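Reminder, nothing fancy here: chain letters follow the sequence lines and each chain counts from 1. Computed from a prediction, not measured in an experiment: that's the story for all the values here.
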Number of protein chains: 2
Amino acid sequence: MVVDQLGTQLRDEEIDRLFQAFADTTRRDIVRRVTVGEYSVSGLAALYTMSFAAVQKHVAVLERASLVAKEKRGREQIVRANHDGLQKARRLLDEYEIIWRQRADRIADLLAETAPAGPGRTHENQQDGNRKVEG
Amino acid sequence: MVVDQLGTQLRDEEIDRLFQAFADTTRRDIVRRVTVGEYSVSGLAALYTMSFAAVQKHVAVLERASLVAKEKRGREQIVRANHDGLQKARRLLDEYEIIWRQRADRIADLLAETAPAGPGRTHENQQDGNRKVEG
DNA sequence: CTGATCTACAACCATTTGGTTGTAGAATAG
DNA sequence: CTATTCTACAACCAAATGGTTGTAGATCAG
């Protein structure tokens with residue numbers, strides 16, 4: 001997205017990882033579990049029909065997305081929720097919501113104008129001349 | 001996922017698709033674009049370095065996730081934002097936020113108690129005997 | 001010490017994803 | 001009518017995902 005100069009790059013990948021992590025029912029369930037209670041990796045694995053290694057991988061995905069952190073305790077690894085990731089995702093969706101509302105306001109403004117001879121269509125085509133693209 | 005009985009099934013897949021759709025920078029950019037302005041598929045494709053077909057696929061992913069809808073106009077296909085999907089995603093993350101806050105409250109309550117001889121650790125292990133999983 | 005448990009990680013496999021090119025149909029422009 | 005534009009879709013490919021089994025190192029129980 002627009003990678004205008006710098007800085008967005010890493011953040012984009014970070015956001016990709018965040019939403020990717022949420023895009024799996026098992027992982028969402030794990031996040032919910034470890035938010036409420038305390039679970040070791042094997043404690044989590046016992047909850048699902050899949051193998052221990054599979055759950056281990058899911059936890060790893062959540063960890064890379066900063067949604068979860070592991071803490072060693074004896075021979076166990078305790079998985080705990082990391083609220084930062086969740087907040088980031090929420091804030092991002094909130095931004096989209098804000099953009100949406102701004103757009104609604106703009107349209108309301110247009111409709112509220114004294115009908116300046118123009119056609120009814122919103123008429124905001126592309127041809128925006130934005131610098132760059134990249135995703 | 002555990003698919004306890006019924007009902008959650010479709011919703012889970014729907015949510016999977018939602019977050020999956022957001023887990024790509026180009027797609028997030030498309031959502032932002034079509035929220036603000038009006039774009040045909042080729043109008044969008046012109047913004048990115050990838051091929052037309054690639055952008056077409058991204059739009060299709062967003063469409064399956066109910067984040068976007070296409071409307072035929074002459075030989076063009078106008079892509080417009082569908083706010084419902086965005087709202088669903090937001091509401092879901094809000095639920096997680098609520099769970100998190102409830103947990104924080106619970107812990108605050110525990111700390112506020114008159115120190116009932118228990119150890120300092122929160123001590124909420126699994127062994128919860130929770131009925132099923134999905135909620 | 002011995003055995004059981006918890007974890008990490010490698011290797012493998014099937015499917016999905018994100019991209020490409022190419023072909024073909026519909027609508028518009030001249 | 002012909003040429004161009006916009007779209008749809010198939011076929012293909014490399015890489016990532018989500019799962020498996022197997023092996024091996026740490027830690028705890030007896």
What one should report as the nearest heavy-atom pair of B:R28 and A:D12 is NH2-O, 3.4 Å

Without decimals, in angstroms, what is the distance between B:E71 CD and D:dC6 P? 17 Å

Return a single string for nucleotides 20-30 of chain C, one symbol per nucleotide in 5' to 3' order, where B is base contact, S is sugar-phosphate-only contact and - is none, cutoff 4.0 angstrom on heavy atoms. BB-----BBS-

Of all heavy-atom pairs linking B:R27 and B:A21, the shortest is NE-O, 2.9 Å

Rounded interatomic separation in angstrom, taking NE2 from A:H58 and P from D:dG18: 6 Å

To the nearest Å, give me how far apart CG (A:D24) and C1' (C:dT17) are. 15 Å

Residues in side chain to side chain contact (heavy atoms under 4.5 Å, CB included) with B:V55, at least two apart? B:I30, B:L44, B:A45, B:Y48, B:M50, B:V59

So does B:Q56 get a side-chain nitrogen or oxygen closer than 4.0 Å to the phosphate oxygens (OP1/OP2) of D:dA8? yes

Whole-Å distance, B:E76 CD to D:dT4 P, equals 18 Å

Do the side chains of B:K70 and B:I78 get nearer than 4.5 Å, heavy atoms only? no

Phosphate OP1/OP2 of D:dA8 contacted by B:K70 side-chain N/O (<4.0 Å): yes

Could you tell me the separation between the CD atom of A:Q77 and the C1' atom of D:dC28, rounded to a whole number of Å? 16 Å

Can you tell if the side chain of A:E71 reaches within under 4.5 Å of the side chain of A:Q77, non-hydrogen atoms only? no

How long is the line joining CD1 of A:I30 and C1' of D:dG18, in whole Å? 12 Å

Measure from the side-chain N and O atoms of B:R103 to the backbone N and O of B:I98, and report whether any donor-acceptor pair falls under 3.5 Å. no

Walk me through it: do A:F22 and B:L18 pass the test side-chain contact (heavy atoms from CB on, under 4.5 Å)? CA-CA 9 Å; A:F22 266 113; B:L18 245 176; over 6 Å; no

Just to confirm, is there a sub-4.0 Å distance from OP1 or OP2 of C:dT5 to any side-chain nitrogen or oxygen of A:S42? no

Over how many whole Å does the gap from A:R17 atom CZ to C:dT17 atom P extend? 20 Å

Taking atom P of D:dG19 as reference, at what distance in whole Å does atom OH of A:Y48 sit? 11 Å

